[in-house]
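Proteins come first, then strands; the chains are lettered A, B, ... in the order of their sequence lines, and each starts at number 1.
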Amino acid sequence: MQLTQPQDPPGQSDYVLKPGHSYTSIGTKIAKIALDVRTPFGWVVGFGVGAILLTMYLISVGVLFARGIGVWGNNAPVFWGIPIVTFVWWIGIGHAGTLISAILFLLRQEWRTSINRFAEAMTLFAVACAGMYPILHMGRPWLFYWIMPYPNTFAMWPQFRSALAWDVFAISTYATVSALFWFVGLIPDLAGFRDRAKHPLLKFGYGILAMGWRGSARHWDRHQTLYLLLAAIATPLVVSVHTVVSFDFAISQMPGWHTTVLPPYFVAGAVFSGFAMVVTLMIPIRKLYKLEDMITLHHFDMMGKVLLATGLIVAYGYTTEFFTAYYGGNIYEVDMMNYRLGGAYAPFIWLLFACNIFSIQFLWFKRIRTNLWVMFVISLIINTGMWLERFMIVVISLTHDFLPASWGLFQATAWDMSLMFGSLGLFLVLLLLFVRTLPMISVFEMQELIHTQESHH
Amino acid sequence: MSAAHATGKEYFGLLAEFSDPDELVARTRQAYEAGYRHMDAYAPFPIHGLSDALGIKGNLVPLIVGMAALFGGVGGFLLQYWTSVFAYPLNIAGRPLNTWPAFMVITFETAVLSAGILGVVGMLALNNLPQPYHPLFRIPQFQAASTDKFFLCIFETDPRFDLEKTRAFLEGLGPDSITEVEQDETTKVYD
């Protein structure tokens, strides 16, 4: 299987959209992905794998509900185990979608256009996977609404000085605004689908979702203003989300958590892992739907650069953490850092450094950034590395606090693992259903891109 | 109204079809210069300069988003202030009850949440969406307005609208086709 385009002569791959597309051809090609009755075999295989993992997830949730949190490895001293690690990991992955759709939009980066819709969907589903964890972690998940402020018969209110209460607001706001941003972008494309679909039921379904959009210039005017404003509010929002998640740790006293570097390095790590996930998903999907003309090597070149930049920020974060601990000389902090480098979990830490610092050094070279096999492998390594980073922060810190008497080791159970890998199934199933039914590349923004390119020449 | 009386039909407007976005902008500008005001242009994607050509001067979306953000931020802060100071005060070593720096995160989040939700609702409301029925949806060619064609429609409500004269004017613009858009008998739509 050849992943790079053989017809691309070297140095000729620097376009964001292969020349020769018209308004009609681009729309038809994108719509065909969802409207074609035939489903590619690769999609069926992916969906099958996703469905199996999702079944495992549902069984794990069932067992959890029936038997309680005790099925997990959570026990003294580690009461935040694999579920919280995976929660932080998923939330981080979501960040790339908002970054691509909002921040790169404000920065007028043309290459974002063909990947933003897909990345936004990835955000939504990653946040859905993440959002399940705190609820499942509650022990009595059916009482999850107790975390929201509402008048109740106990006359109780949430503790708004707690980072956990902030987290509820940050994540629910992020999920809502991401969904709105995604849907507002989808409306015109849904209208296009309504008018392209042949089957009356599909026409009806897309028609209801498009809400009667007819491309009026007055509507476009308000739509585009809102889109810009949503991008403008989503930008600080996305930075705030992982900052607030990092506050869950940073405002506590735990050695390894109690550090001011956590918020910026969480945000950089989030973008880092999110872009890695976009690369992981884009490479097979581009191949499956033959999107080489819209998602070009230039895109992977750019994403490789973002991975390198954010990865270096993450590496700087690790360095700062170690430096401040050793320079500050606080015995608990120094001990935590020594424990990380040489304690029971040291192999994890060194693997983490290999994944997140060493592997990205290859991305300095354009030949590597445009070699999709290597990019795919590096993106998987980064995804693993970022999970290990969250494991380092959450679990390793908890096993080794102030008192030697409360030190201990953490052991995950099979249910921890099945829920974690199962959540990949939830993600995969949602994502593949999205690809199969909705415009996974923004048609109107691609047409707009053709229009601007034509007026430039 | 004279046209409606003459033929016994009531019209929504006259629809001209173009196949190039820049042409649509130029022709819309010509129609505006000819004095037509009650009209709209339709395109599958936003075209720079089209709002200008139609004489659209800004919209209310920024105001709605701004007010919504203010409302959400103030509301979010007051919720925390009221619960922490009055409804459920917790005296922790005599520290102040109004710990406003700790309230800033949720204040920001509620501001963004309110701006996002009310912004979308406001945009849809101003656009009069959802609107499942529209006379233009009965025109077969108009399906392409969401895919690859560009339309200009002069509404019957325009004071200068006259079926014959407006038609002649639109023909002078050199469109691919001109269609008379009729009103439905029961559901009247004017823009």
Counting only heavy atoms closer than 4.5 Å, note whether A:L237 contacts chain B via side chain, backbone, both or neither.
both

Against chain B, label A:I208 side chain, backbone, both or neither, depending on which of its atoms sit under 4.5 Å from a heavy atom there.
neither

Measure A:Q447 against the heavy atoms of chain B and call it side chain, backbone, both or neither at under 4.5 Å.
both

Would you be so kind as to tabulate the donor-acceptor pairs closer than 3.5 Å made by side chains of residues 114-132 of chain B, with sequence neighbours excluded?
unit_1	atom_1	unit_2	atom_2	d
B:S114	OG	B:A68	O	2.6
B:N127	OD1	A:R222	NH1	2.6
B:Q131	OE1	A:R214	NH1	2.9

Taking atom OH as the centre, does B:Y190 end up with more than 12 heavy-atom neighbours from other residues, nucleotides or ligands that are less than 6.0 angstrom away?
yes

Contacting moiety of B:Y133, where chain A heavy atoms sit under 4.5 Å
neither

Distance alone, cut at 3.5 Å: any donor-acceptor contact between the side chains of A:E445 and A:T113?
no

B:H38 and B:F161: aromatic ring centres closer than 6.0 Å?
no

Who wins among A:F160, A:F183, A:Y23, A:F247 for the most heavy-atom pairs under 4.5 Å with chain B?
A:F160

Contact class of A:M156 relative to chain B, heavy atoms under 4.5 angstrom:
both

Is A:L226 in contact with chain B via its backbone, its side chain, both, or neither, using a 4.5 Å heavy-atom distance?
both

Checked A:A210, A:G27, A:A191, A:A170 vs chain B; the most non-hydrogen pairs under 4.5 Å come from A:A170

